[in-house]
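Below: one structure, written as structure tokens.
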Amino acid sequence: MAHPYGRATALAAALLALGTALTAAPAARAGAAPARPAVTGPVVTRAGLDPALVSGRGAAVAFDEQEAENARTDGTVIGPDRTPYTLPSEASGRKAVRLLPGQYVEFTLPRAANALTVRSSIPDAPGGGGVTAPLDVTVDGRHRRTMTLTSQYSWLYNQYPFTDDPGADPLHPDWWLTECSCVPAGTMPAPTFDKPFRPARFYDEQRLLLGTTHRAGEKVRLTVPAGSPAAWTVIDLLDTELVAAPHVERGGIDVRALGADPTGRRDAAPAIERAVALARRTDRPVYLPPGTFRVDRHIVVDDVTIVGAGNWHTVLKGRQVTLAEPAPDGSRHTGVGLYGRPAAEGGSRNVHLSGFAIEGDVRERIDTDQVNAIGGAMSDSTIKGLYLHHTKVGLWFDGPLRNVRITDNVITDQIADALNLHTGVTDSLVRNNFIRNTGDDGIALWSEKTADARNTVARNTVQSPTLANGIAVYGGADTTVRGNLVADPVREGSGLHAGARFGAEPFTGTLRFTGNTTVRAGTLDLNWKIGLGALWFYALDGSIDADVRVTGDHYLDSTHNAVMLVSEYGVKDSYDIPAVHFKDIRVDGAGNSVLSARTRGSATFENVDARNVGAVGVNNCGSFHFPATGSEFALADLGGNDGGWLAPWLLPNTLTCDDRPPVVVPPAPAPWS
């Protein structure tokens, strides 16, 4: 979500290992590995893990993920590293492969495929703004194609809302900075900071249709040409899939018949609008055939079905356009997007969008800009099978609205959230979406001013949010977060989050986290300098006193804590987290503790199994009054808690407060016997 980090309580980030970020040098957690020996077969992963470890969780997708560090290469494996502002920390699985000109990485196809996606990073231009560079793709030494990689949509710097200028001084010298533990504008002598300051968002991905179907076992080689202008190219992963032939919508209104240009040279927006109007009059769907259709502004949709030929075949592609004067909503720019009517105007209903891609041109974060792929208010509507790329937010719905179903979409490389259900969104479903590389929360439910209610977030995959959380719930009633897979949050957030913050309406009714898996979550908060939890409860603006139950979650390889419950120190005597109930939980690896409690409240535990815990099982600070009677946070053992983490001496409220216990890196997750 668009976090108001300008407040005095802003979560800031530390500038760490700058040289590693800029050059992909050896990483902090482990040195760069030498080139790998020959790999005999494909190593297919999900979120960088053996798929068996996350079976039944996350999105069911059409592609196979292969991490570059598991492939054959004459390049250099970088990572693992979880230090922000480094290339490995933002890579899937916290590792990648660095190639110099002339070097390659080679993957083996696990199944027949005719399309691929490469997630990569190349350097920024010296003055910012990005560069382009080629990457050669061959299959079994033949069928050579050349992809054009870009860093024009990556490489941000500095403080929120960030800049693409690597030479900029801190944007907010009146904010407290963790780098100097000071407010620069009020400090004498004035501190200086290395430049570029806080580089981040290094990766971008490109898709390529191969033009022919290749068999399982064939070798896909990615080679950096000897004359590449990029000093280095980092390959994170390769996704391969078998894309179906283009869909034809029988009886649909083909936008080409109304003048839409499928080559992308001429503006197609007026023709698409004519098709939408005709479709509404005739009760027929709009058909977007194969092609690239240029759309540089919002198209308003209401009571209409728009069907593409498939998101690999049909693309709505737009430039970001600077407005002559700001719009009434504060937007300074516009760009490609399909928007429902504003809720204040009654919103839209019965909108059904499927089977196409939206390619934006958003390169900077301006929170007042409405430059999202899908926006407005759409009740009784469905969004299915879209590919959303390079917009500010993939889907940002401003309610009140009800009954929107968002399913089976791929949302990547967003400069802010992938999806935000904002203000009074009710009775809605977010299911089976794949999300990677967001600049803010992957999925957020934000009950600002009006509570969201009765929404379900189920079976989604969220990977590598570079800022904030994988899935975040900010207030609201009767929310279910079920069966999701969240991996590799980088900074200022966690895998799963429930926050009474950002002016959200209170949590009421039920809040359920059920059957989710987090991987390599539980980051270090760089302002507090304490470890968060893979699941993080935060009482800042109010208490979290709904009926909160966490059942069946798995927290794998958590960097610090599996679970953290905290209230801001300044409000610790006003707000609390009265009761959270944990049942049937597995914790496989935690650098610090299973539970870190920094608030008043209580929790119960039943059948919570833990292994490879780095410090004490419970880090219990309570609300920092440290009374002789023990912590203000109480724990109840309901039985079946294995692994010794909930020892009797910790109960019911033994003080074990340690702000910064040393991190003990756990072994890799393994099957649970």
Side-chain angles (χ1 to χ4, degrees), residues 27 29-30 33 42-59 64-70 77 79-82 88-96 236-237 436 459-465 470-471 483-490 494-496 513-524 531-536 550-564 582 584-596 607-615 617 641-646 663-673:
R29 249 191 158 189
V43 181
V44 175
T45 57
R46 291 187 63 210
L49 288 180
D50 179 346
L53 296 176
V54 295
S55 177
R57 300 178 182 212
D64 294 307
E65 170 193 281
Q66 293 189 70
E67 298 281 350
E69 63 269 19
N70 297 327
V77 175
D81 186 16
R82 304 191 193 185
S89 73
E90 292 190 13
S92 172
R94 313 294 182 138
K95 294 181 183 180
D236 180 24
L237 56 78
R436 185 164 57 205
R459 293 295 302 270
N460 304 281
T461 295
V462 181
Q463 290 183 229
S464 301
I471 300 174
N484 302 282
L485 171 61
V486 181
D488 296 315
V490 176
S494 291
L496 304 169
F513 291 96
T514 304
N516 305 286
T517 294
T518 67
V519 185
R520 297 175 298 272
T523 60
L524 177 69
L532 301 179
L535 170 61
W536 175 30
V550 183
T551 306
D553 278 7
H554 295 172
Y555 308 120
L556 309 182
D557 195 5
S558 301
T559 306
H560 289 273
N561 303 292
V563 178
M564 183 179 189
F582 296 90
D584 301 332
I585 307 296
R586 287 181 177 175
V587 176
D588 191 356
N592 293 153
S593 299
V594 173
L595 176 74
S596 177
N607 297 329
V608 177
D609 299 343
R611 64 188 184 190
N612 302 315
V613 177
N641 300 298
D642 292 339
W645 70 275
L646 192 61
V663 173
V664 178
V665 179
W672 204 278
S673 57

Side chain of D553, backbone of G515: donor and acceptor closer than 3.5 Å?
yes
Using a 4.5 Å cut-off on heavy atoms from C-beta on, say whether the side chain of K95 contacts that of P88.
no
Decide whether E67 and S92 meet the rule of one side-chain donor and one side-chain acceptor closer than 3.5 Å.
yes
Between the side chain of N641 and the main-chain N/O of V608, is any donor-acceptor distance below 3.5 Å?
yes
Is any side-chain heavy atom of L535 closer than 4.5 Å to a side-chain heavy atom of F582?
yes
Interatomic distance, R94 atom CZ to D81 atom CG [nearest 0.5 angstrom]
8.5 Å
Quickly, which of V613, T559, N561 forms a side-chain contact (heavy atoms from CB on, under 4.5 Å) with N592? Name it, please.
N561
State the CG-CZ distance between N460 and R57, to the nearest 0.5 angstrom.
14.0 Å
What are the two closest non-hydrogen atoms of G531 and L524, and how far apart are they?
N-CD1, 3.9 Å
Compare every heavy atom of R82 with every heavy atom of R520, then report the nearest pair and how far apart it is.
CG-NH2, 3.4 Å
Go through it in stages, so that I can follow the logic: the residues are D609 and I585, the test is side chain to side chain contact (heavy atoms under 4.5 Å, CB included), and I'd like the CA-CA distance, side-chain angles, deciding distance and then a yes or no.
CA-CA 6 Å; D609 299 343; I585 307 296; over 6 Å; no
Which atoms form the tightest heavy-atom contact between T461 and R46, and what is the distance?
OG1-NH2, 4.0 Å
What distance separates L237 CG from Q463 CD, expressed to the nearest 0.5 Å?
7.5 Å
Check: R436/S464 side-chain N/O donor and acceptor closer than 3.5 Å
no
Looking at every heavy atom in both L496 and V486, which two are closest together, and how far apart are they?
CD2-CG2, 4.1 Å
Rounded to the nearest 0.5 Å, how far apart are CZ of R586 and CG of N607?
10.5 Å
I want to check something: taking the side chain as every heavy atom from C-beta on, are D588 and Y555 in contact at a cut-off of under 4.5 Å?
no
So which atom in L53 and which in P671 form the shortest heavy-atom distance, rounded to 0.1 Å?
CD2-N, 3.5 Å
How long is the straight-line distance from CG of L556 back to CG of L485, given to the nearest 0.5 Å?
9.0 Å
For the backbone of G58 and the side chain of N484, can you confirm whether one donor and one acceptor N or O come within less than 3.5 Å of each other?
no
Which heavy atom of W536 sits nearest to which heavy atom of S494, and what is that distance?
CB-OG, 3.4 Å
Return the CD to OG1 distance between E65 and T45, rounded to the nearest 0.5 Å.
3.5 Å
Cationic tip of R611 within the cone over W645's six-membered ring, i.e. under 6.0 Å and within 45° of the normal?
no
